[in-house]
Engineer: 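Supplied in structure tokens, the structure appears directly below.
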There are 2 protein chains.
Amino acid sequence: MRKNFGSKPALYPMPVLIVAAYDENGKANAMTAAWGGIVDTKLLGICLSASHKTTQNIFATGAYTVSMATVSTMVEADYLGITSGNKVADKLEKAGLHTSKSEFVNAPIIEEFPMTLECKLISYDESTGYMIGEIVNISADESILSENGSIDPAKLNPITFDPINHAYLPLGPAVGTAYQAGKKIQ
Amino acid sequence: MRKNFGSKPALYPMPVLIVAAYDENGKANAMTAAWGGIVDTKLLGICLSASHKTTQNIFATGAYTVSMATVSTMVEADYLGITSGNKVADKLEKAGLHTSKSEFVNAPIIEEFPMTLECKLISYDESTGYMIGEIVNISADESILSENGSIDPAKLNPITFDPINHAYLPLGPAVGTAYQAGKKIQ
């Protein structure tokens, strides 16, 4: 038997994304978002209401970065989500976070988040707040790379958002190989 | 030090979504997709190339379901992703999967996947293949509900897609409470 829950914005997994941008004076701000995902080969989509300070900053600069929240930065990531940049002048400083400028776009990389998508604004849908950006570069701190030099999700240790129970869930170790597991049936 | 990887369609976590639809004769088919996420309060976005049998079916009926792949259905989910419905006439039967019609939209629910978003087609972007659907209902099998009747991700046990290493990663137990953890800094 199935139970019906009506219309809800919920699936598993959902990301915990830290969106960061400079304002017109080069001051960095950031916020947390869970509604987003890959749209196409080079495109990322995120829902960001126009009222957010970060959204206004992106409109001003045309660029932003999107980082993964991790188990070790969960408190900071949650703080960036529950505090408005319109009310607190320097959220990043209060959270003890440090930024440097992306090599690729006019946007801040928050050093404490070890994996970052560097994006250029492509489009914004006023009715939904859905922002599409081009992923110009992905950068990752050397501390989260495997021996072969690629990103190791076990070292990144990202958190995910549980939209039903409002919890943060980590990822576990691999249970199978994509594009291979199904060959048993083929 | 950070390492640059260039432009890639990658973040953590990414979902493993099973998209199912009927063709014009009421025959069900399904495919697997990892590029997608919540777009707005009632909207889900997924990238589906127009050439897929499932995409053509959605164009025919205007409806589809999106289910979470789980650890116990990983082989079936991967099979649905590596096999084309244009080449194999009955992927669902070959995978041993069973369908019933959604109460809310003209689309099949695959019984073996315990959490399903039932969607109506809203828009399709020909250039990117990005499909937006309205989430009309979420249904969940009683076997994955907690004692209070809500969806329990530990019972659902969904898999996620690792876009860098092409692995399937499960979710772990909660490490924190959303909208609460950051109050330490506030």
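Computed from heavy atoms alone, side chains included, the values below leave out hydrogens, waters and symmetry copies. Lettering follows sequence order; numbering is per chain, from 1. On a predicted model such as this, the values are computed, not experimentally measured, just so you know.
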Engineer: Between B:Ile135 and B:Ile151, is there shared hydrophobic-cluster membership here, with clusters defined by ILVMFWY side-chain heavy atoms closer than 4.5 Å?
Structural biologist: yes

Engineer: Could you tell me whether A:Glu111 atom CD has more than 12 heavy atoms of other residues or ligands within 6.0 Å of it?
Structural biologist: yes

Engineer: Between A:Thr177 and B:His166, is there a side-chain heavy-atom distance shorter than 4.5 Å?
Structural biologist: no

Engineer: Most heavy-atom pairs under 4.5 angstrom with chain A, which of B:Gly45, B:Pro173, B:Gly81?
Structural biologist: B:Pro173

Engineer: Establish whether A:Phe113 and A:Val66 are linked, either directly or via other cluster members, by ILVMFWY side-chain heavy-atom contacts under 4.5 Å.
Structural biologist: no

Engineer: For the candidates A:Ile138, A:Val71, A:Thr83, which exhibits the highest count of non-hydrogen atom pairs separated by less than 4.5 Å from chain B?
Structural biologist: A:Ile138

Engineer: Which atoms of B:Lys91 are under 4.5 Å from chain A, going by heavy atoms: the side chain, the backbone, both sets, or neither?
Structural biologist: neither

Engineer: Ignoring hydrogens, what is the shortest heavy-atom contact between A:Phe161 and B:Ala178? Give both atom names and the distance.
Structural biologist: CE1-CB, 3.7 Å

Engineer: Can you say whether B:Thr116 sits under 4.5 Å from chain A via the side chain, the backbone, both, or neither, judging by heavy atoms?
Structural biologist: both

Engineer: Give me the atom names and distance for the closest heavy-atom approach of A:Pro15 to B:Pro13.
Structural biologist: CA-CD, 3.4 Å

Engineer: What are the two closest non-hydrogen atoms of A:Arg2 and B:Ser139, and how far apart are they?
Structural biologist: NH1-OG, 3.4 Å

Engineer: For A:Gln180, does its backbone N or O pair with a side-chain atom of B:Asp78 as donor and acceptor, under 3.5 Å?
Structural biologist: yes

Engineer: Examine whether an atom of B:Leu156 lies under 4.5 Å from a heavy atom of chain A, and if so say whether it belongs to the side chain, the backbone or both; otherwise answer neither.
Structural biologist: side chain

Engineer: So if you build clusters from Ile, Leu, Val, Met, Phe, Trp, Tyr with side-chain heavy-atom gaps below 4.5 Å, do A:Tyr130 and A:Phe59 land together?
Structural biologist: no

Engineer: Atom CG in A:Asn137, atom CZ in B:Phe5: separation rounded to 0.5 Å?
Structural biologist: 9.5 Å

Engineer: Determine whether B:Val136 and A:Ser7 make a side-chain contact, defined as any pair of heavy atoms from C-beta on separated by less than 4.5 Å.
Structural biologist: no

Engineer: Picking from B:Met68, B:Met1, B:Lys183, which has the most non-hydrogen pairs under 4.5 angstrom with chain A?
Structural biologist: B:Met1

Engineer: Could you tell me which of B:Gly37, B:Ala174, B:Gly6 has the largest number of non-hydrogen atom pairs under 4.5 Å with chain A?
Structural biologist: B:Gly6

Engineer: Should B:Lys3 and A:Leu145 count as side-chain neighbours, where that means a heavy-atom distance under 4.5 Å?
Structural biologist: yes

Engineer: Report which part of B:Ile185 has an atom under 4.5 Å of a heavy atom belonging to chain A: side chain, backbone, both, or neither.
Structural biologist: both

Engineer: For B:Tyr168 and A:Tyr179, which heavy atoms make the closest approach, and how far apart are they?
Structural biologist: OH-N, 4.2 Å

Engineer: Are side-chain heavy atoms of B:Trp35 and A:Asp40 found at a separation under 4.5 Å?
Structural biologist: yes

Engineer: Is it the case that over 12 heavy atoms from other parts of the model lie below 6.0 angstrom from the CD atom of B:Glu126?
Structural biologist: no

Engineer: Name the option with the most non-hydrogen atom pairs under 4.5 Å to chain A; the candidates are B:Ala154, B:Ser146, B:Gly96, B:Cys47.
Structural biologist: B:Cys47

Engineer: Taking the side chain as every heavy atom from C-beta outward, state whether A:Thr160 and B:Thr160 have any atom pair closer than 4.5 Å.
Structural biologist: no

Engineer: Using heavy-atom distances under 4.5 Å, tell me whether B:Lys94 contacts chain A through its side chain, its backbone, both, or neither.
Structural biologist: both

Engineer: Relative to chain B, which of A:Pro114, A:Ser67, A:Pro163, A:Pro158 shows the most heavy atom pairs under 4.5 Å?
Structural biologist: A:Pro114

Engineer: Could you state the interatomic distance from NZ (B:Lys42) to NZ (A:Lys8), rounded to the nearest 0.5 Å?
Structural biologist: 11.5 Å

Engineer: Minimum heavy-atom separation for A:Leu17 to B:Leu11, with atom names?
Structural biologist: CD2-CD2, 4.5 Å

Engineer: Which bit of B:Ala10 is near chain A, if near means a heavy-atom gap under 4.5 Å: side chain, backbone, both or neither?
Structural biologist: both

Engineer: Would you say the side chain of A:Ile164 lies within less than 4.5 Å of the side chain of B:Pro153, judging by non-hydrogen atoms?
Structural biologist: no

Engineer: Can you tell which part of B:Asp141 gets under 4.5 Å to a heavy atom of chain A, answering side chain, backbone, both or neither?
Structural biologist: both

Engineer: Of the listed residues (B:Leu169, B:Asp152, B:Ile159), which shares the most heavy-atom pairs with chain A below a 4.5 Å separation?
Structural biologist: B:Leu169

Engineer: Is the shortest side-chain heavy-atom distance between A:Asn4 and B:Phe104 below 4.5 Å?
Structural biologist: yes

Engineer: Under 4.5 Å between any side-chain heavy atoms of B:Tyr12 and A:Leu171, yes or no?
Structural biologist: yes

Engineer: With only heavy atoms counted, which part of A:Ile46 is less than 4.5 Å from chain B, the side chain, the backbone, both or neither?
Structural biologist: neither

Engineer: Report yes or no: do A:Met115 and A:Ile38 belong to one cluster of Ile/Leu/Val/Met/Phe/Trp/Tyr joined by side chain heavy-atom distances under 4.5 Å?
Structural biologist: yes

Engineer: Are B:Met31 and B:Ile82 connected in a single hydrophobic cluster, I mean Ile/Leu/Val/Met/Phe/Trp/Tyr linked by side-chain heavy atoms less than 4.5 Å apart?
Structural biologist: yes

